[in-house]
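Notes follow once the structure below has been shown.
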Amino acid sequence: MLLSDEQKAMLDGAYGETVRRLMRLLARLGEIYGAERMLKVESAQISGVSYKSLGEPGLDFLRDVAACGARVKAITSMNPAGMDLEDWRSHGIPEDFANKQQQVIEALCRLGVAPSATCTPYFTGNLPRYSQHLAWAESSAVAFANSVIGARTNREGGPSALAAALCGCTPGYGLHLEENRRPTMAVDVLTELRSSADFSALGYYVGERVKAGIPYFRGVKSARIDELKALGAAMAASGSVALYHIHEITPEARLLATARLDSIAVGRREIDEVYSRLNTAERPDLVVIGCPHASLREIVAVARKLQNKRVKKPLWVCTSRSLKQSANAMGLTRIIEQAGGQLVADTCMVVSPIEEMGFQATGVNSAKAAHYLPSFCRQKVMFRETDELIKGVIE
Amino acid sequence: MKGRSISFGIASGRALVSRAPIGFYGGIDLKTGMVIERGHELQGETVKDKILVFPCGKGSTVGSYVIYGLAKNGVGPRAIVNERTETIVAAGAILAAIPCVDGIDLSGIETGDMLEVDADAGTVKHV
């Protein structure tokens, strides 16, 4: 693989042992996957931020990296943490967990990573443009950046995204190359998609079938940004989809021919099958909206439903710190809190220790959350559209 | 069987075979090495000291850290054998120094087989 003089110097240890180790990881990945050269990275998104998912070995690794004194070479944001970084006490997060979590954030901040703590960096100051090369981890954000924006990133693991941010480059293989962005399967959608949860269920069904491939959707008449966010997140959870196209909706779709592709059809029956498979509870102890993190539009929609109402079960709306600040200024946080709910920043239920907080069944509008909650948080799940979830917990 | 070397090193042990992809984050417990994904064919099995054989990875990008953490906690697999290793598993295996080979036809491998993985040469053989 062709390396610049600076990249060679990093490999030779001119920037210290840590940079050498990270550059070696990138070079090795490039060799394995047949990259001809390194590409300059314009933006990075780091996953592996929650102490719950990192554990002690991950924290040790980040501490070692942070000690090297290097700084990120491109705008770099981070995934959600395992708790609201300001309000963790009132959420009942154990003290020792909070302490470890702060150490993770401090290590990343020392490297120049923004403490954005969100899985939706594109809403909060890390928005790439079409055809730029990125190193993003966080599978739902990868699907969004590739598909909705038309930027180019592989599904990086947490450490390889961090390595790319610190070395300023990523090996040019996979989805960085135009020829690898063509669809592998057509999906004919035969039913009207009524909610984000429907998009999420569709994504879950397709991800299981297309696996690591690239689906091209036909028959989707309209889709909001939030619905595209939900679709990609679900496909990246049930499969490892990093890129999808939707006829006349996503930017690269019109450059691509689909006539010769194998196709599958998805109707209401397939979507209902996903709902019934992911549903294991009828009465949630907790309802959580915001997987991936809620957009401002979604926060507004929830606040409208809660105006002058009371919830009888805990209701969390998870979002980024910066959108929470907007919601504060707009009076939305107050409406949600007056109804007995909470607008939770920096975290989400999958990466926070909710099973230790006494919850056994969680209501969600996200197939991704429904997929991870049983194994990672020992939760039973009620998977419904937002309106139904809220209706179910209002007094 | 000759494949492609992903992460160097040599190891031998008993195969634990999954015909379905494995998602490490939320799929395998970091402290015990137990497969915890509900409904997964390996649910309840432990990857500790096994030659972990599966077609490809799936799911969260945090998987790399889970592989690294399993190794550091002493409950990781001795080696990984895939049909196709993607970046997340590759980065985890490289950082954790777990030998890893892909490009292998897994149909001839069953759980319990004694395998020797030479990831320097990119080979997997029954012993």
Side-chain angles (χ1 to χ4, degrees), chain A residues 21-22 24-26 28-29 31-33 45-50 52-62 79 136-142 154-161 163 171 173-174 207-208 211-212 236-240 242 277 280 350-351 368 371-378, chain B residues 3-8 20-31 34-40 43 55-76 82-97 100-103 119 122:
Chain A
R21 185 178 177 203
L22 296 176
R24 203 192 273 157
L25 171 64
L26 296 177
R28 180 74 195 122
L29 291 172
E31 268 169 33
I32 294 168
Y33 297 112
Q45 165 76 7
I46 308 296
S47 70
V49 175
S50 167
K52 180 176 170 180
S53 46
L54 281 171
E56 205 56 26
L59 174 56
D60 282 344
F61 174 81
L62 290 179
N79 247 19
W136 279 22
E138 170 45 36
S139 57
S140 74
V142 167
N154 287 316
R155 263 166 61 85
E156 298 293 343
S160 61
Y173 67 92
E208 284 180 321
K211 298 188 173 77
S238 67
S240 48
R277 191 149 47 94
T280 50
V350 176
V351 296
K368 173 176 179 170
H371 177 81
Y372 283 122
L373 283 171
S375 52
F376 220 61
C377 301
R378 299 196 296 273
Chain B
R4 173 173 67 167
S5 164
I6 300 287
S7 170
F8 301 120
I22 292 181
F24 284 82
Y25 176 67
I28 300 189
D29 183 78
L30 195 58
K31 291 199 179 110
M34 190 90 84
V35 178
I36 52 172
E37 181 182 327
R38 193 171 58 107
H40 195 279
Q43 188 179 6
C56 59
K58 66 169 183 177
S60 168
T61 61
V62 182
S64 307
Y65 280 119
V66 177
I67 294 171
Y68 178 78
L70 288 169
K72 288 284 160 188
N73 286 339
V75 295
N82 294 145
E83 271 168 29
R84 193 176 41 76
T85 308
E86 30 70 70
T87 312
I88 291 160
V89 172
I94 293 167
L95 281 179
C100 177
V101 173
D102 82 345

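All chains are named by letter (A, B, ...) in the order of the sequence lines, taking the proteins before the strands, and each is independently numbered beginning at 1.
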Handout entry: Test item: A:Ser53 and B:Tyr65 side chains (from C-beta on) under 4.5 Å apart, heavy atoms
Key = no

Exercise for the section: Below 4.5 Å from any heavy atom of chain B, which atoms of A:Ala212 appear? Answer side chain, backbone, both or neither. Expected result: side chain

Practice task
Verify, without hydrogens or angle tests, whether B:Tyr68 (side chain) and A:Pro159 (backbone) share a donor-acceptor contact under 3.5 angstrom.
Solution key: no

Exercise for the section: Provide the closest heavy-atom pair for A:Ser139 versus B:Thr61 in the form atom of the first, atom of the second, distance. Expected result: N-CG2, 3.7 Å

Exercise for the section: Answer yes or no: is there a donor N or O on one side and an acceptor on the other, between the side chain of B:Arg4 and the main chain of A:Ile32, under 3.5 Å? Expected result: yes

Handout entry: Close side-chain approach of A:Ser47 and B:Tyr25, heavy atoms under 4.5 Å
Key = no

Problem - Non-hydrogen side-chain atoms of B:Ser5 and A:Arg28 separated by less than 4.5 Å - result: yes

Exercise for the section: For residues B:Asn73 and A:Pro57, report the shortest heavy-atom separation together with the two atoms involved. Expected result: OD1-CG, 3.5 Å

Practice task
Tell me, with the steps shown, if A:Glu156 and B:Thr87 meet side-chain contact (heavy atoms from CB on, under 4.5 Å).
Solution key: CA-CA 6 Å; A:Glu156 298 293 343; B:Thr87 312; 3.8 Å; yes

Exercise for the section: Output the option from B:Asp102, B:Ile36, B:Ile88 having the highest count of non-hydrogen pairs under 4.5 Å with chain A. Expected result: B:Ile88

Problem - Minimum heavy-atom distance A:His371-B:Glu37, with the two atoms named - result: CE1-OE2, 4.4 Å

Exercise for the section: Spell out, as yes or no, whether a donor-acceptor pair under 3.5 Å connects the side chain of A:Ser375 to the backbone of B:Arg38. Expected result: no

Handout entry: Validation row: B:Thr85, A:Tyr33 side chains within 4.5 angstrom (heavy atoms)
Key = yes

Problem - Heavy-atom closest contact (A:Gly157 atom, B:Ser64 atom, distance) - result: CA-OG, 3.4 Å

Exercise for the section: Measure distances from B:Phe24 to the heavy atoms of chain A and classify the residue's part below 4.5 Å as side chain, backbone, both or neither. Expected result: neither

Exercise for the section: Name the region of A:Arg24, side chain, backbone, both or neither, that has any atom closer than 4.5 Å to a heavy atom of chain B. Expected result: neither

Problem - Residue, of B:Gly63, B:Gly69, B:Cys56, that accumulates the most heavy atom pairs under 4.5 Å with chain A - result: B:Gly69

Handout entry: Segment of A:Ala137 engaging chain B (4.5 angstrom heavy-atom cut-off)
Key = both

Handout entry: Toward chain B, the part of A:Leu62 with a non-hydrogen atom under 4.5 Å
Key = side chain

Problem - Proximity breakdown for B:Leu30 and chain A, heavy-atom pairs closer than 4.5 Å - result: side chain

Completion exercise
Correct closest heavy-atom pair for B:Gly57 and A:Ser240 would be O-OG, 4.1 Å

